[in-house]
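A short write-up of the structure that comes next.
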Amino acid sequence: MGKILVVDDQRNMRTTLAMMLRGQGYEVDEAADGAQGRELGATGAFDVVLTDLRMGEYDGIEVLRATKEAQPMTEVIVMTAYGTIESAVEAMKLGAADYLIKDARPQEILLTIERVLKLDALKRENVRLRGEIGRLHGFGELIGEGAPMKGIYRVINTVAGNKSTVLVSGESGTGKELVARTIHERGALAAHPFVAINCAGLSETLLDSQLFGHRRGAFTGAVHDHDGVFRAAEGGTLFLDEVGEIPLSLQAKFLRAVEQREVTPLGASLPVSVDVRLIAATNRDLEGEVRAGRFRQDLYYRLNVVHLALPPLRARPEDIPLLVEHFLQRFSREYQVAPKRLAAEAMERLRVYGWPGNVRELQNAIERAFALAVADTITLDDLPAAVRGLPSPDAPAVDLSDVPTLEEVERRLFAAALRKSGGNKNEAARLLGIDRQRLYRKIEKYGLG
């Protein structure tokens with residue numbers, strides 16, 4: 001319950017209001033006139049000041065001004081007679097939270113105070129969250145104050161001061177590249193390049209070229225020399241996302257680059273020395289990949305010098321309000337509109353949702369709600385259907401009990417390509433639009449050899 005100051009120079013009205021509020025559990029002090037109201041209101045000891053508008057030398061407007069100038073977070077409600085509504089409206093322009101007619105029913109008075117106290121609590125929480133975001137601003141876009149993130153910050157602070165190789169693991173959307181950028185920006189290499197490459201989805205030849213470079217004529221279409229990302233990141237940081245997707249046949253060459261800090265471009269006969277800090281990331285279990293023979297053990301050890309395991313968002317629900325406030329501030333700047341706030345029921349739903357897409361999914365949900373909300377407050381209805389626990393309106397009801405898994409569908413696809421090619425692996429790879437190395441990995445994975 002909040003603490004309330006009642007200011008009225010009519011003793012009967014003041015004591016009646018104070019007794020009613022005390023009966024509801026509020027802590028109440030009284031001020032017998034505007035001068036005393038100004039003095040007490042400016043102390044910051046009260047959540048709400050309830051003041052009469054018409055008093056003697058110092059009226060309710062003076063109480064309002066003195067209170068808000070000294071304590072902007074203290075809410076003020078003015079009480080007025082029917083003939084002074086215009087003055088009440090003017091008081092609200094000066095910062096009053098609301099106004100009441102002096103002969104209002106007790107229930108109306110209590111509801112108004114309850115609503116203003118809820119608004120006050122929300123404002124104070126927003127101030128706290130902004131303060132936390134400001135305190136953590138040194139970690140860039142990384143937001144969180146719970147134990148899991150504090151552990152991440154400690155490691156970042158330690159490794160930012162050296163050039164040790166770092167392996168960042170975690171589910172998609174947990175912020176692996178943000179961690180890499182933060183390490184780079186907080187260290188001595190901040191003035192040098194930060195180069196990122198995603199190792200997934202590239203053919204072996206193209207990935208080889210992207211990583212190590214190539215010479216003109218090294219392969220069809222190589223009409224110019226290309227340095228590759230190792231050389232592009234010279235003196236700075238090279239971030240290798242989805243490092244677990246590097247083909248096994250290319251891992252020996254990659255290992256040499258990691259160990260010797262030298263690369264041999266495609267079509268070149270001599271290696272080129274490089275000076276880079278390596279940060280790799282994966283959403284795979286690399287130890288499991290090593291046991292399965294899909295990732296070299298020596299390469300794993302060379303990458304896993306310092307390991308940062310990022311927690312999924314569902315493991316740190318205490319950070320969700322901070323992240324929400326961070327995204328609300330960002331989208332307010334990007335959309336160039338006044339800040340919006342989140343209704344309590346909407347925040348509670350965000351807290352309990354599982355977030356399979358982690359922070360990236362939360363960011364998307366907040367941006368969608370920010371764009372669609374017509375009022376200053378984002379409500380539960382503004383959140384995506386999945387977050388609200390509802391089926392997507394675009395998704396028809398489907399019985400999935402007999403639907404094969406994605407792995408089974410993939411296995412059938414590769415088996416069909418091998419049958420159609422009569423076992424010719426070159427032809428099967430061509431039919432599937434992939435390189436032979438990837439085909440061999442799938443054949444081994446699904447036992448199709």
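- A donor atom on one side chain and an acceptor atom on the other are not found under 3.5 Å apart for Thr174 and Asn358.
- At most 12 non-hydrogen atoms from other residues, nucleotides or ligands lie less than 6.0 angstrom from CD of Gln336.
- With a 6.0 Å radius and a threshold of 12 heavy atoms from other residues, nucleotides or ligands, Lys420 has its NZ atom at or below the threshold.
- Phe414 contributes atom CZ, which lies 9.0 Å from atom CG of Leu448 (distance to the nearest 0.5 angstrom).
- A salt bridge links Arg181 with Glu177: at least one charged nitrogen is closer than 4.0 Å to a carboxylate oxygen.
- If you check the side chains of Gln329 and Glu325, you find a donor sitting under 3.5 Å from an acceptor.
- Looking at Glu361, Arg388, Arg314 one by one, the single match for side chain to side chain donor-acceptor pair (under 3.5 Å) with Tyr353 turns out to be Glu361.
- In summary, the side chains of Asp382 and Thr379 do present a donor paired with an acceptor at a separation below 3.5 Å, with no hydrogens or angles considered.
- Within 6.0 Å of the CZ atom in Arg215, the count of heavy atoms belonging to other residues, nucleotides or ligands exceeds 12.
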Show, in sequence, the C-alpha distance, side-chain angles and deciding distance for Val359 and Phe327, and conclude whether the side chain to side chain contact (heavy atoms under 4.5 Å, CB included) test is met. CA-CA 10 Å; Val359 178; Phe327 291 135; 3.9 Å; yes
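- Seen from the ring of Tyr440, Lys425 does not count as a face-on cation partner, given the 6.0 Å and 45° thresholds.
- Relative orientation of the Phe230 and Phe254 rings is perpendicular, given thresholds of 30° and 60° on the angle between their planes.
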